[in-house]
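Note sheet for the following structure.
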Amino acid sequence: MRKKLIAANWKMYKTPEQTAAFFREFLPLVAAHTRDEIVVCPPYIDLQTAVAAAEGSNVAVGAQNVHWEKEGAFTGEISATMLTSLGVTHVIIGHSERRQYFNETDDTVNRKLEIALENGLTPILCVGEVLEEREAGLTEDVLRRQCMRAFNGISARKAAKLVLAYEPVWAIGTGKTATPQMASDAHQVIRHEAEKAFGKEFAEGLRILYGGSVKPENATVLMAEAEIDGALVGGASLDPASFTKIVKY
Ligand code: PEP
């Protein structure tokens with residue numbers, strides 16, 4: 001049985017004050033919730049506030065990005081050790097907005113995955129096709145390529161903490177959701193790639209989240225799917241009540 005993971009991706013929303021206010025309201029709402037793992041990924045500047053607020057609770061804190069080098073002359077970047085030194089435990093890698101707007105490539109995703117795993121972070125690796133690729137029948141090819149390149153050179157032992165997120169780009173922030181069947185099919189492709197790279201046992205234990213306009217209204221149906229091991233939630237995670245409803249799908 002894979003324990004589901006429900007993760008919030010706040011993108012570029014909320015100040016430290018707003019982060020503290022979110023946690024004040026959110027933590028009591030989910031305090032008794034043990035069925036699923038809960039992770040909140042705020043912007044970098046909110047991480048310290050979030051970690052302090054979540055201390056001793058059932059909510060973990062993740063970053064939305066990490067640099068692939070240990071340290072160096074990389075103005076504006078943040079390293080894996082900087083994240084762990086704050087008490088951050090998770091990191092989103094390869095989100096489609098970073099691939100689309102910030103030149104994230106399969107190669108940088110691979111390097112970020114390596115450094116995150118090396119430092120004991122739990123990476124939430126995002127893969128997914130754009131609309132043109134789905135319409136051209138290329139979804140499987142895209143998912144296979146993104147997974148294969150991301151996993152390149154990483155051993156099953158090293159990848160132990162890895163979590164995947166299938167995020168069809170056409171469903172992110174658009175209000176369009178993949179059907180449970182579409183998500184399930186994509187998850188099977190991803191699981192198969194994980195099996196090729198890391199073996200059958202690893203693939204069977206691998207958690208694959210679905211992301212793309214998950215809302216309180218559709219969370220129950222999506223989470224009922226055997227292949228869906230949780231959710232990566234953008235817009236609907238910004239409000240404590242709405243995110244709680246998703247956590248408690
Ligand atoms: C995301 O940012 O990963 C995401 C899935 O966003 P939304 O839920 O808003 O579609």
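Since the structure is predicted, the reported quantities are computational estimates derived from the model, not experimental observations. Indexing begins at 1, ligand by ligand and atom by atom, following the structure's order.
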Do R111 and E69 meet the salt-bridge criterion of a basic N to acidic O distance under 4.0 Å?
yes
Return the closest protein heavy atom for atom 5 (C) of ligand 1 as residue, atom name and distance.
E167 OE2, 3.1 Å
Would you please say whether a donor-acceptor pair under 3.5 Å links the side chains of [X] and [Y]?
X: W170; Y: E132; value: no
X: K70; Y: N119; value: no
X: E104; Y: T108; value: yes
X: E167; Y: H95; value: yes

Could you tell me whether ligand 1 has any atom less than 4.0 Å away from a heavy atom of C126?
no
State if H95 counts as touching ligand 1 under the rule of any non-hydrogen atom under 4.0 Å.
yes
Flag G173 as yes when one of its N or O atoms lies below 3.5 Å from any N or O atom of ligand 1, and as no otherwise.
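Yes: some nitrogen or oxygen of G173 is under 3.5 Å from one in ligand 1.
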Please check whether K11 reaches ligand 1 - meaning an N/O of the residue sits under 3.5 Å from an N/O of the ligand, judged on distance alone.
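It does: an N or O of K11 is found under 3.5 Å from an N or O of ligand 1.
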Over 60° means perpendicular and under 30° means parallel, so tell me whether F22 and F243 are parallel, tilted or perpendicular.
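Rings of F22 and F243: tilted, as their planes differ by 30° to 60°.
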What atoms of ligand 1 come closer than 4.0 angstrom to any heavy atom of [X]?
X: G212; value: 5 (C), 10 (O)
X: A171; value: 10 (O)
X: G235; value: 7 (P), 8 (O), 9 (O)
X: G211; value: 5 (C)
X: I172; value: 4 (C), 6 (O), 10 (O)
X: N9; value: 1 (C), 2 (O), 3 (O)

Cation-pi, Y249 ring and R35 (6.0 angstrom, 45 degrees):
yes
What is the distance from atom CD1 of I92 to atom NZ of K112, rounded to the nearest 0.5 Å?
12.0 Å
Closest to atom 6 (O) of ligand 1 by heavy-atom distance, out of G234, S213, A7, is G234
